[in-house]
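My structure is below; once you've seen it, I'll send some questions.
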Amino acid sequence: MRPFSYQRATDPDMAVQALSAAAAANNPLTQATAQPLAGGTTLIDLMKLDVTRPTAIVDINPLAQAWSAIEPGSDGLRLGALAKMSDVAAHAEIQRNYPVIANSLKLAASAQLRNMATLGGNVMQRTRCSYFRDVSYENCNKRNPGSGCAAMDGVNRMHAVLGTSDQCIATYPGDFAQALIALDAVVEITGKGGTRSMSFAELHKAPGNSPDIETTLQPGELISAFSIPGRWPRSVYLKARDRQSYEFALSSAAIALDVQGGTIRDARVGLGGVATMPWRAREAEALLKGQKFDEALAQRVADAAFADARGRRHNSFKIALGKRVVARALQQAVTMEI
Ligand SMILES: Cc1cc2nc3c(=O)[nH]c(=O)nc-3n(C[C@H](O)[C@H](O)[C@H](O)COP(=O)(O)OP(=O)(O)OC[C@H]3O[C@@H](n4cnc5c(N)ncnc54)[C@H](O)[C@@H]3O)c2cc1C
Ligand code: SF4
């Protein structure tokens, strides 16, 4: 591990200032010389692997009192970015009115990790592409821009089939982000100019020609909260993985429905484990609206969700698997008792 300075930020201004001061203006956030530390369950791993090489760490845990509230209200939900994954997953009102959020968190990582890890750190986690995480591989456009991509012709069983580019096919690994994107979440960002908000869908970037730039956050900016409009008691997070615990998704679906009198009034479909960024399947959603559910509709929706998918040598199975996950999650959402 390389030497770095450590600073505890006791208020948001101090955190923003410390991060901005150390950041080189032309660096993408992910290569920034200063990085915030929340639970540390990803950042410290990547520093030990020498993938991330910050020279300054700004510990934001002292901000937890202000930034970890779980606030369900009559018109929506607000979650502080420093709330722990386990606390949100176990919250009775989240389980009742946002089961897709509770389950996306409960099915992630392990109990010990969820007790340490925060919501902000979770959405900012980086790909688990093994070539990215192993610095002995030179060819990784995400870690080493312009060097090529070892995964294209390498072992790509875990890689993405949606949102890929000829520069990078790495999967976005998180679960919670699929629930956020499906529910039209808004992310609150604290930076030098104060606080701004944007749609969560605008936070992550597809790899395109610059896979090293993963989000639209600027150096010095911090996620302070997420808010979700409305309530979604009829919602499901279904995750298929190689083992039933402590494993990333091969394919997952975040589904939220508003069903009245047997007719689907509103529908949300997020996909995980299959795409380079948190993924919303809007064409698939459109097929559901105004319809009564049956198996044939579920199949059409699943086909639409993967219409643009592109498989490679080892990961084509994700297209068939992903369709089954979507169809089954829809069935579960329609039949669940609320
Ligand atoms: C073995 C293992 C299995 C896992 N399995 C899963 C899984 O199945 N599903 C899943 O979703 N996750 C999984 N994870 C990932 C885990 O959930 C993340 O490590 C965790 O959520 C990160 O949160 P943290 O608070 O520890 O973040 P940190 O490690 O502290 O930070 C992560 C990154 O986010 C940045 N950051 C932190 N907070 C903020 C903020 N407020 N604003 C801006 N940037 C910020 C940090 O600078 C860093 O770059 C797994 C991790 C491990 C080690
Ligand atoms: S898929 Fe992306 S992260 Fe993985 S080796 Fe290729 S460029 Fe690097």
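FYI, side chains are in, hydrogens and waters are out, and symmetry mates aren't considered; it's all heavy atoms of this structure. When a ligand or atom number is given, it counts from 1 through the structure's own listing order. Given the structure is predicted, the values throughout are model-derived calculations rather than measurements.
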For a quick test of reading the model, state the closest non-hydrogen atom pair linking Ile228 to Ala185 and the distance between them.
CG1-CB, 4.0 Å

Would Ile181 and Trp279 count as a side chain to side chain contact (heavy atoms under 4.5 Å, CB included) here? Give the steps.
CA-CA 7 Å; Ile181 201 162; Trp279 198 260; over 6 Å; no

Classify the side-chain pair Ser210/Asp212 by whether it contains a donor and acceptor separated by less than 3.5 Å.
no

Please determine whether any non-hydrogen atom of Leu46 lies less than 4.0 Å from an atom of ligand 1.
no

contact_flag Arg126 ligand 1 heavy-atom lt 4.0 Å
no

Can you list, by chain and residue number, the protein N, O or S atoms under 2.8 Å from atom 4 (Fe) of ligand 2?
Cys129 SG

Proximity of Leu113 to ligand 1 by residue part, where a heavy atom lies under 4.0 Å
side chain

Sub-4.0 Å atoms of ligand 1 with respect to non-hydrogen atoms of Leu43
29 (O)

Test your reading of the structure: does Arg128 have an N or O sitting under 3.5 Å from an N or O of ligand 1?
no

Within ligand 1, which atoms have a heavy atom of Gly174 less than 4.0 Å away?
11 (O)

Which segment of Arg143 sits under 4.0 Å of ligand 2 when only heavy atoms are counted:
neither

Considering only heavy atoms, which of Pro36, Ala177, Gly40, Gly121 lies nearest to atom 30 (O) of ligand 1?
Gly40

Within ligand 1, which atoms have a heavy atom of Ala108 less than 4.0 Å away?
7 (C), 8 (O), 9 (N), 10 (C), 11 (O)

For Gln35, take its heavy atoms, then give the atoms of ligand 1 lying under 4.0 Å from any of them.
47 (O), 49 (O)

In this structure, does ligand 1 have an atom that sits under 4.0 Å from one of the heavy atoms of Tyr246?
yes

Please report the interatomic distance CD(Glu295) to CG(Leu330), rounded to the nearest 0.5 Å.
11.5 Å

Suppose I only count heavy atoms of Ala117 and a 4.0 Å limit; which atoms of ligand 1 are within that range?
20 (C), 21 (O), 23 (O), 24 (P), 25 (O), 26 (O)

Show your reasoning for whether side chain to side chain contact (heavy atoms under 4.5 Å, CB included) applies to Val100 and Val236.
CA-CA 5 Å; Val100 64; Val236 163; 5.9 Å; no

His204 meets the ring-ring contact (aromatic ring centres under 6.0 Å, His included) criterion, sequence neighbours left out, with Tyr172, Phe200

Per-atom contacts, ligand 1 versus Glu247 - under 4.0 Å to a heavy atom:
8 (O)

In a check of side chain to side chain donor-acceptor pair (under 3.5 Å) between Asn156 and each of Arg313, His314, Arg312, which one passes?
His314

Any luck finding a side-chain donor-acceptor pair between Gln17 and Asp13 under 3.5 Å?
no

Please confirm whether Lys239 comes under 4.0 Å of ligand 1, counting heavy atoms of the residue only.
yes

Please name all residues satisfying ring-ring contact (aromatic ring centres under 6.0 Å, His included) with Tyr137, sequence neighbours left out, ordered by chain then number.
Tyr131

Hey, is Phe176 one of the residues with a heavy atom under 4.0 angstrom from ligand 1?
no

Backbone, side chain, both or neither: what part of Thr52 comes under 4.0 angstrom of ligand 1, heavy atoms only?
neither

Any nitrogen or oxygen of Met116, main chain or side chain, under 3.5 Å from a nitrogen or oxygen of ligand 1?
no

What do you reckon, is NZ of Lys106 surrounded by more than 12 foreign heavy atoms closer than 6.0 Å?
no

So, Asn139 and Ser147: side-chain donor and acceptor under 3.5 Å apart, yes or no?
no

Enumerate donor-acceptor pairs with a distance under 3.5 Å from any side-chain N or O in residues 244-253 to protein atoms, sequence neighbours excluded.
{"unit_1": "Ser252", "atom_1": "OG", "unit_2": "Tyr237", "atom_2": "OH", "d": "2.7"}
{"unit_1": "Ser252", "atom_1": "OG", "unit_2": "Gly272", "atom_2": "N", "d": "3.3"}

Enumerated ligand 1 atoms positioned under 4.0 Å from heavy atoms of Met85:
17 (O), 21 (O)

